[in-house]
Amino acid sequence: MTDLDKQYNSAQVETKWYSLWESRGYFRPASDFVTQSTVPSPQFLDKTQKKSGDRGPSPRDSRYVIVIPPPNVTGMLHMGHALNNVIQDILVRWNRMKGRDTLWVPGVDHAGIATQNVVEKKIAKEKKTRWDLGREKFLEEVWKWKHEHGSTITRQLRRLGASCDWTRERFTMDDGLSKAVREAFVTLYERGLIYRGNYIINWCPRCQTALSDEEAAHKDVQGGLYHIKYPIVKSPSPGFQPPSSSGRGGREGVGIDHIVVATTRPETMLGDTAVAVHPNDPRYKHLIGKKVVLPLMNREIPVIADEFVDPEFGTGIVKVTPAHDPNDFAMGRRHKLEQINVMTPDGKINERGGVYKGMDRFEARKKILQDLEEQGLFVRRDSHLHAVGHCYRCDTVVEPYLSKQWFVKMQPLAEKALKAHEQGKTVFFPDRWTKVYLNWLRGIRDWCISRQIWWGHPIPAWHCRACAESTDHRSHAMDPGLSTVDTMKGIIVARETPKECPHCQSKDLVQDPDVLDTWFSSWLWPFSTLGWPDKTGDLKKFYPTSDLVTAPEIIFFWVARMIMAGLEFLGEVPFHRIYIHGTVRAASGLKMSKSLGNSIDPLEVIEAIGADALRYSLVMLSAQDVYLSREKFEVGRNFTTKVWNACRFVLMQIQDLESASTDAGQFKRLELSLPNRWILSRFEEKAAGVERLLSQFGLAQAAAELYHFVWDDFCDWYIELAKPMVQSGDVPPQSVGGQAALKLQTQKVLFFVCERILRLLHPFMPFMTEEIWQRFKEKATGRMSLPHVSSGNPGRGSPIKAFGDDEKNEWPESIMFAGWPHDGPKHFYDAEAQKAIGLLQDAVSGIRDLRARFQIAPTDKLKAVIVCKEKGAREVLTAFEREVKTLGRLAELQCVRTFEKKGAMVANAFPSFDVFISVEGILDLEKEKKRLGKKIRETEAWIKSIRKKVENPSFAEKAPKEILEKEKEKLEDAQKLLLSYKTQLTSF
RNA sequence: GGGCAAUUAGCUCAGUUGGUUAGAGCACUUCCUUCACACGGAAGGGGUCAGAGGUUCGAAUCCUCUAUUGCCCACCA
């Protein structure tokens, strides 16, 4: 058996094990390796399966499936990815160890706009635009880019240790998923849930495409609310006359000859087709039906009345621009107003904007205000804070824009999702996200799915020119009287490219130029990756998946839509539990981003301290939003180092152990020493706690539990207690036989517990635990799984049976299949040992405290007396004489019932005993008296507070018995302490 | 304008269904390079759990209000 290196070499270990794991197929589900007949019966559409609810996958659930939130193909691993994937990997590795048929499906998203932007930037360096290349050539460029750079992110995920089944890796633009997208679109169309029409959508003038409501991120912007005069037309109208600037009309919104409107986007006035007031607004009632002159354009437009207008806001008069504002659009339809689009797709004023034609929208705003001012029509600018939509990809201010787009009717889909939730089929962790999800579903709006970019899934719709010519589509935009929804005449929606028009047999067909929103492929992810729409084995076996792990930002974009798609296309929710973890932020509270220069690169951290340390740090911080700084990774680094050294020590101590076994049956409780019984008992407790926490996504707490168990219990106490047992130098000559047996059992327990600790830690720190565990395996079996990167059959050893089973050293190839060490009954629970070690810890701490307080050098061998107030305590501490002496660095120790103090001695008091040491010559009597006085006051206060509680009749009456007992015990302990303090004080 | 979080030691945060003399990590003070580990060991100081009410035998924990911060949603031009 080889020793561990003094220093853990993370880089070497990580590459070695990851490539071995992957090449041997360890990440693939177990069912890939067994014959069809033995595959556990699929739960696909199993109606008897009830809400697995909040207690996690039931023990009988033999599968565990997660689909990865596919990172963008343009993505570079950032801390958000790291956190998300570390959490998934912990869950996946844990479930795999539990013996479930475990699958984590990885993949990458084609990220329409983001990717197109990247490639456009690239060709811009050659001074080319996508239009220069043309659609086909440009798409070739994108694919080329994808093949060259698209695997960066998946390589980086491997560095984290993510145990995804890479043989099932998918891309949202691959053939299978493209087929799924067409199937979904056509199915929705056939169900009447897809329509096409003219609406105001969010338009990004930079990306030159429509955006969904979710993609237009609203940000508060300090803008202007501009007040502008619109002259009233005298009737009968002789034509426009410049207004007199008197304006002595008094009321702000209306003068003798003009009204005043307020707007935040003055440039859109070029497309005004009315102004509106509230029908009951007494100030303006008389204006309804009159006309005003639209300044600059010199067009006459009507004053209409509409309930939408809020009389309280601005002047109570609003300009109406149906082509550039969603509310105005709705008003326009109610009043059959003309829609005048005054902008080009790239955000410039078009030919309908008169002299402003060709100006950028913001430039035009300035010029228009300037012109109004010159004409005396500009009243004032109020500073105004309002929400403005920004493109979530490029942050450009979004323009509400009238255009023809494809939509999905969402109401029917949302209703199914709401019903599924009522039936308990979707459970959010933490629960508060449920409300966010439900509120969005209840207020759902139709989903604009067409995008005017080139990189994406083409819409499976074809236009027949012959049929189209028989309808005048172009008139729709200008004729508000017609329905905004297209008749679909001349449009063929089909799974396969049609050869001819089914109506007129014309072969002159052209595919719709738009592509689908990226999320239209993402929302199919949980089943498209498994082969849908084909009825594949994977789909049967692995759908629905178990859990979804993601960040809150994409609950609407992705989570909610996946649920709706799963229900719509497969009749079942795609996952039962949704774990929403925190957002990663910089320590400043801002979002981490490269552009802000506050990001920490996970790969740099991995290189510096290893993936395991990164993982552990992230998880420990993940109880809520994660605020990161470099120092925060020290927790994980320190802990991984601690684990490494503890295991190194254990391996050194068991070198001469011949029968190293993981069989729990090897231990007979009564033959074990108290420390051995104690650590076995503590381990069992902690394993159960970790199990419970993991099953409800309490990863941070689980990591903390393990951290403290390993560090405090195992390293600080157990290993220290074991040292004298296993290190032969200390053997008292009078008990050689017993000592040899004690050494052997301690070695066995060290091996046994440490090996199980490695398994508990494995999901959190996979690399280091594998590396060390292989040494344990080598110790036990004389061989290890050599890290040859072979392409042979992915053989697996049979997993070690669950805790408590008869294990015959059948070690699997990897710790990944070593089984999860907590499935069995309580083997080692031991109240007696726990109590005994508690006493030992008190005694040792008491001595150490005295040593430190009186500055007694560690080399000074000291004499201590423990005065036991209880018989039980005396027995235990007498038995631990050697341990107490070693850990307290004592030359001599006496455990007595009664004690006559001689000379200058000081003590620490505990409920069942007091520890004394001799401090001849260094005792500051006054200081010690003061200290005791303080202790006495504290203890008296404590006693008083317990008394108050215990002696309250209604406490005795209403509190549970066990609490009452506990309080009484506390009171007794406190009284014993007080007595000790007082005795000491009087003895000075 | 609505909703949701957070507010606990100098800093970063844990605190399960109310029962603790309120915990951890970092930082700090003292001691220690003893043969697993100085990315370590031992000991220690430090908090009226944001504020005010309330429920309860008992509240950091439940309720109400207030303050501060952050996030999400929202068509008020």
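Just so it is clear: chains get the letters A, B, ... in the order the sequence lines come, proteins before strands, and each one is counted from 1.
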After noting the C-alpha distance and the side-chain angles of Asp849(A) and Arg851(A), does the key distance pass the salt bridge (charged side-chain N to carboxylate O under 4.0 Å, His left out) rule?
CA-CA 5 Å; Asp849(A) 173 55; Arg851(A) 291 192 80 113; over 6 Å; no
Just by distance, with hydrogens left out, do Thr434(A) and Asp431(A) show a side-chain donor and acceptor under 3.5 Å apart?
yes
Looking only at side chains, do Lys642(A) and Thr640(A) share a donor and an acceptor under 3.5 Å apart?
no
Would you call Glu399(A) and Arg265(A) a salt bridge, taking side-chain N to carboxylate O under 4.0 Å as the test?
yes
Counting only side-chain heavy atoms from C-beta out, which of C76(B), A74(B), U21(B) sits nearest to Asp220(A)?
A74(B)
C1' gap between G46(B) and C28(B), integer Å
9 Å
Which of the following nucleotides, G25(B), G19(B), A77(B), is nearest to the side chain of Val635(A)?
G25(B)
Taking the six-membered ring of Phe649(A) (Phe, Tyr or Trp), confirm whether the NZ or CZ of Lys723(A) is under 6.0 Å from its centre and within 45° of its axis.
yes
Could you tell me how far A5(B) sits from G40(B) if I compare only their C1' atoms? Round to whole Å.
39 Å
Using the C1' atoms only, state how far A27(B) lies from C13(B), rounded to an integer number of Å.
14 Å
Note: Arg561(A)-Glu214(A) ion pair, threshold 4.0 Å (strictly below):
yes
Which residue, Lys966(A) or Lys934(A), contacts RNA chain B at a nucleotide closer to its 5' end, judged by nearest heavy atom?
Lys966(A)
Counting heavy atoms not belonging to Gln222(A), are there more than 12 under 6.0 Å from its CD?
yes
I want to check one thing: is the phosphate of C4(B), taken as OP1 and OP2, less than 4.0 Å away from some side-chain N or O of Lys435(A)?
yes
If a protein heavy atom is under 4.0 Å from the base, mark B; if only from the sugar-phosphate, S; if neither, -; do that for nucleotides 27-37 of chain B going 5' to 3'.
---SSS-B-BB
Could you work out the separation of U61(B) and G18(B) based on their C1' atoms and round it to a whole Å?
6 Å
Can you give each donor-acceptor pair under 3.5 Å made by side-chain atoms of residues 965-972 of chain A, sequence neighbours left out, with the distance rounded to 0.1 Å?
unit_1    : atom_1 : unit_2    : atom_2 : d
Glu967(A) : OE2    : Lys970(A) : NZ     : 3.1

Taking 4.0 Å as the cut-off, does a side-chain nitrogen or oxygen of Arg445(A) come that near to OP1 or OP2 on C75(B)?
yes
If you pin Ala623(A) and Ala974(A) to their nearest nucleotides in RNA chain B, which one's is more 5'?
Ala623(A)
Phosphate-side-chain proximity, Asn439(A) and C73(B), N/O vs OP1/OP2 below 4.0 Å
no
Below 4.0 angstrom from OP1 or OP2 of A77(B), is there any side-chain N or O of His384(A)?
yes
Of the candidates C73(B), G40(B), U21(B), the side chain of Lys970(A) sits closest to U21(B)
Does Lys219(A) reach the side chain of Val388(A), with side-chain heavy atoms less than 4.5 Å apart?
no
Taking only the side-chain heavy atoms of His708(A) (C-beta and beyond), determine which of A74(B), G19(B), A24(B) contains the nearest atom.
A24(B)
Measuring only between side-chain heavy atoms, which start at C-beta, is Phe633(A) closer than 4.5 Å to Val635(A)?
no
Mind checking the C1' distance from C11(B) to C73(B)? Whole angstroms is fine.
33 Å
Which listed nucleotide (A77(B), G15(B), U20(B)) is nearest to the side chain of Gln701(A)?
G15(B)
State the dot-bracket string of RNA chain B. Criteria: Watson-Crick or G-U wobble, both atom distances under 3.5 angstrom; notation: ( ) intrastrand, [ ] crossing earlier pairs, | interstrand, . unpaired.
(((((((..((((.....[...)))).(((((.......))))).....(((((..]....))))))))))))....
Taking only the C1' atom of each, what is the distance from A38(B) to C72(B) in whole angstrom?
46 Å
Mind checking the C1' distance from U55(B) to C71(B)? Whole angstroms is fine.
31 Å
